[in-house]
Every structure is written in structure tokens, then in C-alpha cells.
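Chain identifiers are assigned alphabetically (A, B, ...) following the order of the sequence lines, protein sequences preceding nucleic acid strands; residue numbering begins at 1 within each chain.
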Amino acid sequence: MDAKRRNSGPPRGGASQAKRGKTAGDWEDSPSIFEEELALFEEADMEAEEREGQAGHDVIPVGELFSADLNPRWRRPQAAPLNPDSDTLVFQQIDLDYYLGAAVAGMPGQSQGNVPIIRMFGVTDSGNSVCCHVHGFAPYFYIPAPNGFTSDHLSEFKRELNSAVLKDMRSNKDNMSVTVLAVDITRKESMYGYHGKRIVDFLRITMAMPRLIAPAKRLLEQGFKFGPFPIQSFSSYEANIDFEIRFMVDSDVVGCCWIELPKGKYRVREERKVSLCQYEVDVGWTQLISHPAEGEYQRIAPLRVLSFDIECAGRKGIFPEAEKDPVIQIASMVQRQGEKEPFIRTVFTLQSCCSIVGSQVLCFTKESQLLQSWAEFVRTVDADIITGYNIQNFDLPYLLNRAATLKVNLFPYLGRVQGIKSVLRDSSFQSKQMGRRENKILNMEGRVQFDLLQVLLRDYKLRSYTLNAVSFHFLQEQKEDVQHSIITDLQNGNEQTRRRLAVYCLKDAYLPLRLLQKLMCVINYMEMARVTGVPLTYLLSRGQQIKVVSQLLRQAMKQGLVMPVVKPEGGEDYTGATVIEPEKGYYSVPIATLDFSSLYPSIMMAHNLCYTTLLQKGSAEKLGLTPEDFIKTPTGDLFVKSSVRKGLLPDILEDLLSARKKAKAELKKETDPFKKQVLDGRQLALKISANSVYGFTGAQVGKLPCLEISQSVTGFGRQMIEQTKQLVESKYTIANGYQADAKVIYGDTDSVMVKLGVDTVSRAMEVGREAAEWVSSHFTPPIKLEFEKVYYPYLLINKKRYAGLYFSSSADTHDKMDCKGIETVRRDNCTLVANLINTCLQTILIDRDPQGAVAHAKEVISDLLCNRIDISQLVITKELTRTAQEYAAKQAHVELAERTQSMFWRTTFPLTPSTTWNNSSPNHCSASLSPSWERAKQRVSY
DNA sequence: AATTGGGCCTAA
DNA sequence: TGAGTTAGGCCCAATT
């Protein structure tokens with residue numbers, strides 16, 4: 001009955017409370033700033049509550065019972081009555097999926113059997129949640145109509161295909177009789193290749209369910225016979241489009257856009273609600289209005305973001321297992337998007353726990369009740385976005401497995417649809433960009449899982465991805481200091497030690513929120529969803545390709561073009577960019593850098609490179625085109641000019657880049673910091689999207705590879721960088737009256753580094769600007785060479801490896817020391833190496849003292865060899881996951897000894913001028929490793 | 001002792 | 001079922 005006793009924590013009182021917690025054990029070292037922060041929330045809350053007239057919420061109930069009304073803040077604001085005849089419903093859609101269900105009377109579409117129904121979840125301006133069932137949209141795809149096909153053949157085709165699909169089904173558990181809903185003749189054109197605007201008949205085949213598309217496509221491909229036509233194989237178009245994307249493209253809905261349901265055009269569900277949302281409505285797919293993200297529709301609804309963290313009582317030295325080790329605490333924080341601080345801060349604990357000012361502590365005697373109550377809490381709070389750190393692969397799976405072990409049957413319903421169980425699945429995701437990645441997947445209909453770790457892994461290259469390291473890196477803040485090994489001891493202590501643990505747990509729930517805010521993740525992802533038109537969830541669960549496909553389909557639809565399905569066949573790699581042979585060395589003169597901005601997108605625009613403009617073999621002759629109608633790219637591929645037909649890809653790129661220009665201009669004018677963030681997120685999304693179009697065409701295992709485009713792009717790029725070098729070196733010469741002969745000392749892909757022969761940074765900037773403008777005039781717009789920066793001095797070590805002081809904003813002071821490709825920016829070296837090289841580079845570039853750099857390096861090496869450096873402090877290599885850490889720790893000794901010295905001798909010093917370092921015996925270091933080093937190596941070699 | 005291929009990570 | 005591209009440095013280990 002211990003935990004049933006009402007908790008007797010000290011009365012709320014800010015600092016005194018915090019101090020009291022500190023005396024509880026010897027792990028306490030410094031005062032916790034975080035606790036003071038929490039206390040500040042409390043004060044703000046009290047003021048808010050006085051205004052709102054609510055009861056205080058810092059009561060600490062202890063026991064077994066749980067009520068969803070424990071805290072009035074948990075529930076969403078009361079939803080005003082909605083009358084579909086007189087009220088328009090407007091909400092921001094944040095998640096979109098589909099399900100198969102019985103048709104709803106009065107809604108368009110099939111009425112027999114199960115039909116696909118699109119489901120949109122969202123939030124209104126007043127913070128009420130919405131579940132919107134969209135009816136009447138069915139999946140479809142195209143095939144070219146066979147020769148001689150007329151509308152008389154439609155019904156026979158349909159009947160034959162329908163029976164073929166039915167026969168093909170192994171089981172027909174839905175007892176379907178109609179698989180093919182409709183076949184229509186429609187005038188379309190394939191987007192692949194230019195064939196003289198040959199608009200031909202296509203059959204648009206509408207199926208009853210998305211999963212019937214693939215078999216229908218396969219049957220038509222394998223050879224299909226109907227009516228008087230001979231057996232033939234049909235290629236298919238747009239048969240590989242996700243149903244959600246299909247719907248969004250066709251209805252002009254983009255990710256996270258605002259949706260309006262006009263009065264009189266929708267129905268409200270009262271009794272037959274299936275969701276937990278406040279409003280649940282039905283609408284026909286053609287009745288909804290989708291607002292483009294412009295003007296007032298750029299805004300973001302007050303979404304509820306829930307961040308949580310769990311603690312488990314593991315056994316000594318063993319990673320917790322859900323089958324054996326209990327969940328002892330769950331901390332949750334809920335924040336409205338756009339607000340500065342979380343308005344719900346709560347921790348559920350197993351056994352009693354002293355109060356924590358600024359947060360609500362709920363104690364439970366039974367773990368199963370803790371779990372069930374937390375699930376109830378999630379459903380009550382009705383979060384739109386769920387975040388945390390590694391929740392996808394740890395916290396959520398652990399909770400689910402634990403709940404299953406304890407048979408907490410009401411736990412695994414975490415989504416917004418009643419009766420849908422949240423189930424764990426394994427998935428592996430593989431791409432060249434991110435390698436092979438094993439992930440757990442949990443369905444939570446209507447809530448977006450936004451695991452901060454996944455976001456960071458995708459968007460940031462960091463040395464370490466622990467929450468602690470990440471928080472320090474971005475927030476200059478760290479976790480509460482609690483070692484993993486003592487968590488179980490804290491739990492088994494008393495209500496004070498559990499309080500210590502709860503503060504730690506709360507902070508781990510709080511930090512992801514802070515990071516989300518600092519990095520503007522939600523805003524940036526929403527803007528990406530809006531720009532590319534895919535649902536928010538796709539951005540974290542899918543790759544780059546789907547974003548381009550979504551844009552391509554939208555653009556193609558406007559012009560009556562359809563996208564073929566191509567079977568992936570890996571072929572030869574094609575040639576990429578040129579890297580100009582570097583004139584390695586140290587330059588104590590200003591080096592100007594000229595860059596082609598958005599090189600690949602601008603090449604595609606300038607030369608009208610696209611699927612729709614590609615002239616395949618023999619096409620030019622067949623179509624009777626004259627040489628004025630098309631161009632030949634450096635790789636020998638032919639594309640028609642925009643005067644014949646403007647390409648889709650150039651159109652998309654122009655839209656993206658002009659939208660970016662607009663966003664940047666608005667950004668400059670905007671004063672509201674929140675709107676500024678949105679605009680900045682948008683311009684970033686637009687830039688990234690423009691740059692990924694090229695990659696999409698070159699993705700050989702992709703949705704629509706076209707190597708003619710990608711190799712032409714790189715071909716033009718190679719030609720351009722070469723031409724730029726020649727232009728600059730031919731104009732800026734002594735013969736032409738300049739101070740010296742200019743020399744391009746290096747260049748990579750889209751940039752050239754030029755030694756102009758001037759002595760000052762400001763002069764280099766002037767000449768650089770002028771040169772860039774002059775060179776630009778030799779290229780087709782929008783191709784543009786821009787002056788970007790001056791390096792002074794500049795150390796050019798090798799291809800893709802250099803460092804220099806970066807001057808851009810001012811000619812008097814450098815903005816930063818810029819390092820490319822060197823150990824300082826690589827994550828496969830220990831920090832000792834990175835720091836050492838960084839110091840050496842600073843000494844060389846800022847102090848201009850190469851001997852000083854050598855002296856420093858010698859000193860560190862000697863410290864190393866004489867064991868004056870504590871090796872255990874230097875262990876940082878790859879810490880990509882929690883489990884990788886052990887391995888990294890074991891490897892570090894060896895890496896430290898071996899990499900440091902070999903890297904030293906070979907890379908840095910031969911290039912520093914007038915170095916006297918003895919380079920004659922590169923094995924010197926390893927030969928003189930001390931016995932203790934040898935022993936250390938012995939210990940870790942296995 | 002030099003060469004080669006794989007792994008890793010970065011530049012653009 | 002779905003995964004953007006190539007160029008290139010440097011370390012390591014195996015091979016000649």
C-alpha cells in the first residue's frame with residue numbers, strides 16, 4: 001500500500017523544492033537548471049489559469065484509478081457545433097491515407113462491397129481535430145489502345161479483363177464480382193520521348209481497389225486477348241503510383257494544405273463515428289476545395305505535438321528487454337505548434353514519486369495500469385504529431401511489446417481510428433544515399449510519427465547522434481546527468497530517488513521539443529510537403545524519388561501527358577562531373593571562387609532537357625525535323641528546342657526556382673519571425689527539390705530513369721567548367737593589360753578557383769565579380785556564373801581537399817575558416833585527429849606560421865607516445881546508434897595510434913611550405929610505441 | 001614493395 | 001516493394 005499513500009512532497013515553492021531534490025543522493029553534483037526552467041513554467045501556468053479560471057493541475061494523484069479528466073488541459077478545446085448546411089469546414093490536413101470500407105449512402109462511387117475511401121486528418125484554426133472521409137475516388141491506370149480499337153470494344157475488353165483478374169486471384173475473401181470498374185478511351189500522349197505531339201487513344205482502366213492495379217497490369221503485360229483482337233502485350237502507364245499520390249494529384253491536394261468543405265457539400269457523422277476526432281465528416285472527392293499554400297493559406301494550424309520518453313529498469317549490464325524488464329516511467333510534454341513552451345508536462349511513474357514543480361506526477365502501483373493510462377492519455381490529448389528520440393525503434397516498440405507481455409489489451413490503440421490496433425512491423429529500407437536501414441514500423445492512423453533521431457539522421461551529418469551530443473551541438477545544453485547503470489537503483493530507492501529519475505525522464509521528453517523548434521523541423525517538413533505535394537509522412541518514410549514523381553505527374557496532367565511504367569534494368573554508369581587537376585600548394589595571395597548557381601537545374605532549363613523533348617533514335621528523321629528544331633548535347637543525345645515543345649522538367653524547375661526567388665523576396669520584407677521561419681523553410685525546400693530532379697533522371701533503379709538526360713546534363717557541365725577556365729585565363733592576362741596572367745588552380749563540377757594575380761581581397765572581389773559577369777554572357781540563360789567568395793590564404797591539398805579563410809561579406813575580415821574534405825570535417829577519424837588538424841590549419845592560415853603548426857603536431861604526437869593523453873577521453877568515432885557505441889569504444893585505441901601517425905606523415909606536412917619535419921622514416925612512430933600502448937593494442941585486438 | 005579492390009565518407 | 005547522381009581521397013588488407 002506504500003504507493004497508495006498520498007505523496008508528501010514539499011509544497012510548491014520554486015527554488016526550495018529544487019534544492020530539496022538535490023540532497024537525496026550522492027549522484028547529485030550540480031544544481032539542475034532544468035528544474036528551475038520547469039518551475040518557471042509553473043509560474044506562467046498560474047497566471048494563465050487565473051485568466052482561464054481553471055483549477056490548478058499540479059495535483060499528484062497516487063493510485064490505481066485514472067481519469068481522462070484529471071487535467072482539463074489534456075482535452076482539445078471544445079468543438080463548436082457544426083451544421084453542414086450553414087457552416088463551411090476549413091482545416092489543415094496533416095495526414096492522409098486510405099482504407100477499404102463499406103460505401104456510405106449518398107456518397108459518390110461504387111455502392112457494392114468494399115470501396116477505397118480516402119481519409120484525411122487535420123486541425124482547424126480553433127484547434128479542433130478533423131477526420132474527413134473522401135468518397136468516390138477510384139484507382140486507375142492507362143494502356144495504349146490497340147490499333148483499330150473503338151468504343152464498341154470497351155465492354156468486351158472490360159469483361160475479359162475483369163474475368164482474367166478474378167481468375168488470377170488466389171482467394172477472393174471480399175467476394176468481389178467486379179474488379180474492373182470502368183474502361184474509357186481517352187486522348188493522351190506518352191511523356192517519354194518527343195514524337196511530334198502524337199496524341200493517341202489510351203484506355204483508362206479504373207479498378208475497384210488499389211491492390212488490383214498490379215495484377216491487372218501484369219496480366220495485360222503478359223499477353224492479353226479479347227474480342228477479335230489477337231493476343232498482345234500491353235505496356236502500362238501510371239500503374240505504379242501510390243493511391244494517396246494519385247488522389248492528391250488528381251484533386252490538386254498537396255501535403256499539409258488547407259482543405260475547405262463548402263456548406264451543403266458534406267455530411268457530419270454523429271452516431272456512426274469511427275474516429276476519436278472532434279469532427280468527423282463525409283464528402284465526395286470532387287466537392288472538396290484544396291487551397292494552394294499562398295497568402296493566408298500559408299499559415300499552420302495549432303497542431304498538438306506530443307514528445308515522450310520512457311525509462312525501463314534493466315538488469316545490470318543488459319540492454320532492457322520488453323519481455324523481462326518493466327517500464328517504470330513515461331514522461332510526456334505537449335506543445336502547440338507555434339507556441340514557445342509545452343502546456344502539458346507530465347510524468348507517469350511506477351511507485352511513488354515526490355512532486356516536481358512545473359509538472360504533473362502521476363504515480364501507479366501496477367505497471368499494467370501505468371501503461372494503459374498512458375495510452376488513454378495519448379488518446380485524450382489527441383496529438384497530431386508524436387515525437388521523441390528514437391521512439392520509432394525503441395520507445396514505441398518497447399511499450400508495445402511490454403504491453404503485450406503484460407496483456408494490457410487496451411494499450412495498442414494509439415491511432416485516431418477506433419478499433420484499429422497499432423501493430424509492430426519490421427521493414428528494411430535501402431538506398432545508396434542512406435545505406436541499408438532496418439526500421440520498426442508502427443501504425444498510428446491520423447498521427448504523424450516524427451522521430452527526431454530519424455530527422456537528424458536524414459538531414460544532418462553529425463559526429464554523434466546521441467541525444468546528449470545532439471542537444472549540446474544545437475542547444476549548448478545537455479541531458480540531466482543520470483548514468484544508465486543507476487536507473488534501476490534509483491527506481492528501487494525511495495520517492496526522492498524516483499523523483500530524480502523523473503526529472504531526467506522529463507528532460508528527455510523536453511529536449512526533442514526544443515530541438516524540433518530550434519531546427520524548425522515541423523515547419524521545414526511541412527513546406528517540403530507543400531512544395532512537392534506528398535503527404536508529410538512520406539518525407540520520413542520514403543526516399544527522394546516520390547517527391548519528383550509527385551511534381552512530374554502534376555505537371556504532366558496539365559498537358560495531357562502520361563508516365564510510362566519502366567522495368568528497372570541496371571546498366572552502365574555514366575560519366576559525371578569534371579574535377580580540374582589541382583595545382584596543389586599553399587597560396588598566400590587571394591584566390592577568387594566563381595560558381596555556377598544551381599548548375600544542373602539551369603542546364604536542364606537552358607537546353608530544354610526533358611523526357612518530353614528527347615528525340616530517340618531515328619525520331620528526328622521520322623518526324624522530318626530540321627537542325628533548327630533540336631540540339632545535340634555533348635554526349636550526342638538529341639532534344640527538341642522549347643520552340644518546338646517546352647519540357648516538363650524545365651517547367652517544374654522554373655516553377656521551383658521562381659517560387660524560391662519569391663520566397664526569398666518575401667523573406668526579406670517579412671518582419672514576423674514566425675512567418676519568416678515558414679518562408680525560409682520554403683525556400684530551402686524549393687532549392688533541395690530543384691537539385692533532386694537531376695538525380696531522379698539518373699536513378700537507374702528508379703521510377704523513370706533517363707540517362708540521356710542525366711548524361712547530357714553532366715556533359716554540358718563538363719564543357720562549361722572547361723570553357724570557364726579557358727575564358728578566364730584568356731581574358732585576364734598581362735597581354736590584355738592586367739597585372740598578371742590569371743590561372744585557374746582548381747575547380748570541381750560547378751566552380752573554379754582563380755589566382756587573379758591581385759594582392760588584396762577587395763581587388764579579388766572586384767575582378768571576380770566582373771569576370772563572373774563576363775563569363776556568364778557566354779552561356780544561355782538562366783545559366784549564370786557568380787562570384788561567391790575569396791579564399792585568402794588558401795591551402796590546396798588535393799582534389800576535394802582544401803582549406804582557406806573565407807571572405808564574402810567583407811573584404812576586411814574573414815567570415816570563417818572553410819575546410820573541405822579534410823580530417824576536420826570527416827567523421828571517420830577520432831576527435832584528437834580532427835582537433836589536431838584543425839589547430840594546425842588555424843596556425844597555418846590565421847597565424848601564417850607553418851613551423852608553429854609542425855611544432856604543435858610534434859607536441860601532440862609526443863604527448864600521445866608518452867601516455868600524457870587520457871585515451872579514454874578521446875573515444876569518438878562513429879556513434880550512429882546506441883548499439884554501435886561499444887564497438888566504437890573498443891576500436892578507438894587502435895585507430896588513435898595508427899591513424900594519427902600515418903595521416904600526419906602523409907597528408908599534411910608534405911604540403912606545408914618550408915617544413916623541416918623529418919619525413920624519411922614514416923615508421924618511426926609505430927616503432928617507438930611504448931610498451932603500454934602495445935599492451936593496450938593487445939587488449940583490444942580480437 | 002608496389003598494386004588493386006573494398007569500405008567509408010565527403011564534394012559538388 | 002522501393003531505393004537521387006558521379007568523382008575521388010585515404011585507409012586497410014589481400015595479392016602479386
Could you state the OH-P distance from A/Y574 to C/dT6, rounded to the nearest angstrom? 5 Å
Would you mind telling me which of C/dG4, B/dC8, B/dA12 lies closest to the side-chain atoms of A/R826? B/dC8
Nearest whole Å is fine: how far is C/dG2 P from A/E438 CD? 17 Å
Protein-nucleotide distance (A/R425, atom CZ; C/dG2, atom P), rounded to Å: 12 Å
Which class fits the ring pair A/Y794 and A/Y791: parallel under 30°, tilted 30 to 60°, perpendicular over 60°? parallel
A/Y600 near the nucleic acid: base, sugar-phosphate alone, or nothing, with a heavy-atom cut-off under 4.0 Å? nothing
Ranking A/S692 and A/T575 by the position along DNA chain C of their nearest nucleotide, the one closer to 5' is A/S692
Using a heavy-atom cut-off of under 4.0 Å over every strand shown, decide if A/G695 touches base, sugar-phosphate, or nothing. base
Electrostatic pair A/E527:A/R530 at N-O distance under 4.0 angstrom: yes
Just checking A/V548: base, sugar-phosphate only, or nothing, at a heavy-atom cut-off of under 4.0 Å? nothing
Identify whether any heavy atom of A/D242 sits under 4.0 Å from a base atom; if not, whether one sits that close to sugar-phosphate; answer base, sugar-phosphate or nothing. sugar-phosphate
What integer distance in Å separates A/R827:CZ from B/dT10:C1'? 9 Å
Test side chain to side chain contact (heavy atoms under 4.5 Å, CB included) on A/Y746 and A/Y802 and set out the steps. CA-CA 10 Å; A/Y746 179 57; A/Y802 60 82; 3.8 Å; yes
Value in whole Å for how far the C1' atom of C/dT5 lies from CG of A/D573: 9 Å
Atom NZ of A/K789 and atom C1' of B/dA11: how far apart are they, to the nearest Å? 11 Å
Contact class for A/K800 (heavy atom, under 4.0 Å): base, sugar-phosphate, or nothing? base
OH of A/Y746 versus P of C/dA7: gap in Å, rounded? 14 Å
Base, sugar-phosphate, or nothing: which does A/V579 touch, judged by heavy atoms less than 4.0 Å apart? sugar-phosphate
